[in-house]
Amino acid sequence: MSAKDCSHHKKGRGKLFRRIIAGILIFLLVVLITIVIIWAILRPNKPRFILQDTTVYGFNASVPNFLTSSFQVTVSSRNPNDRIGIYYDRLDIYATYRNQQITPRTAIPPTYQGHKEVNIWSPFINGNMVPISPDFSVALGSEQAAGSVFITIKLDGRVRWKVGAFVSGRYHLYVRCPAYITFGSKSNGVIVADNAVKYQFVTRCSVSV
């Protein structure tokens, strides 16, 4: 084979390689555009969370600057989308008082939520001698003596959207559920066990994704 033939052969292979790469890039671009169009048409809606009830097994702020508490909360989540599923890859629940965390995080098992499905969780969250700031400790004592304490049940996690065979990347999920705990003569809870009081809320939570 002459040098001229070798040169033509190399050029032909180079053109074929470039055409293959160009074809792959065009295919990927078409797939990406199709996914974006489908995503824009479907417009996924964020899940809707409701705090259904909270059972208080313990709430003790008698030690200055410390709080011991024990709750069981029932939270429901509904997927409002017709064609989009939701993967809950991670979901932690905990309680706060004036934005200060008063219980450690409790992990809710990962799950998949199909179209229009509802999931209900009833985890326990407990905090034993959790330090709180002196200012908050005084305010908490005053509120408890007055018969009402406002806390927030929070859920933080990561979710993914599923559209057909396509699964999106992970998104942060932030859920905030207000809860009023009442005491003494102002208590509107129902005694369900020794030293356990259940409060019905059915409160809609704020959700950010």
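This one's a predicted model, so the numbers in the text were calculated from it and none came from an experiment.
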>> Quick test of your reading: applying ring-ring contact (aromatic ring centres under 6.0 Å, His included), list the pairs with at least one residue in residues 91-113, sequence neighbours left out, ordered by first then second residue.
In response: Y87-Y112

> Who pairs with T74 by side chain to side chain donor-acceptor pair (under 3.5 Å), at least two apart in sequence or on another chain?
Replying inline: D53, S122

Of the non-hydrogen atoms in [X] and [Y], which two are nearest, and what is the gap between them?
X	Y	value
G114	N79	O-ND2, 2.9 Å
Q144	A61	OE1-CB, 3.9 Å
V197	G189	CG1-CA, 3.5 Å
Y88	V159	CD2-CG1, 3.7 Å
I191	A193	CG2-O, 3.5 Å
V207	L173	CG1-CD1, 3.7 Å

Treat each ILVMFWY residue as a node, draw an edge where side-chain heavy atoms are under 4.5 Å apart, and state whether [X] and [Y] are in one component.
X	Y	result
V130	Y57	no
W121	I125	yes
I108	Y171	yes
F27	I20	yes

From [X] atom [atom1] to [Y] atom [atom2], the distance as rounded to the nearest 0.5 Å:
X	Y	atom1	atom2	answer
I102	N126	CD1	CG	11.0 Å
N60	T68	CG	OG1	5.5 Å
L91	D156	CG	CG	8.5 Å
R83	W161	CZ	CH2	16.0 Å
T103	I93	OG1	CD1	8.5 Å
S208	H172	OG	NE2	12.5 Å

> Hey, mind stepping through V75 and V175 against side chain to side chain contact (heavy atoms under 4.5 Å, CB included) and telling me if it holds?
Replying inline: CA-CA 11 Å; V75 179; V175 182; 5.9 Å; no

> Is the side chain of Q113 donor-acceptor paired with the backbone N or O of S77 at a distance under 3.5 Å, no angle test?
Replying inline: yes

> Which pairs pass side chain to side chain donor-acceptor pair (under 3.5 Å) with one or both residues in residues 127-139, sequence neighbours excluded?
Replying inline: none

>> Once side chain to side chain contact (heavy atoms under 4.5 Å, CB included) is applied, do any residues pair with R78, and if so which ones, sequence neighbours excluded?
In response: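 Checked R78 against side chain to side chain contact (heavy atoms under 4.5 Å, CB included); matches are R48, P80, K116, V118.
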
> Listed by chain and number, what are the side chain to side chain contact (heavy atoms under 4.5 Å, CB included) partners of L25, not counting sequence neighbours?
Replying inline: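 Expected list: I21.
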
>> Filter on salt bridge (charged side-chain N to carboxylate O under 4.0 Å, His left out), then keep only pairs touching residues 91-102, sequence neighbours left out; what's left?
In response: R90-D92, D92-R105, R98-E143

>> Side chains of P110 and D89, heavy atoms from C-beta outward: is any pair under 4.5 Å?
In response: no

> Should F66 and P131 count as side-chain neighbours, where that means a heavy-atom distance under 4.5 Å?
Replying inline: yes

> Parallel, tilted or perpendicular: which fits the ring planes of F59 and F183, with parallel below 30° and perpendicular above 60°?
Replying inline: tilted

> Does the side chain to side chain contact (heavy atoms under 4.5 Å, CB included) test come out yes or no for S148 and F150, once each step is laid out?
Replying inline: CA-CA 7 Å; S148 178; F150 176 76; over 6 Å; no

> Can you tell me if OH on Y180 sees more than 12 non-hydrogen neighbours from other groups inside 6.0 Å?
Replying inline: no

>> Is there a side chain to side chain contact (heavy atoms under 4.5 Å, CB included) between F71 and I151? Walk through the geometry before answering.
In response: CA-CA 12 Å; F71 311 95; I151 65 172; 4.0 Å; yes

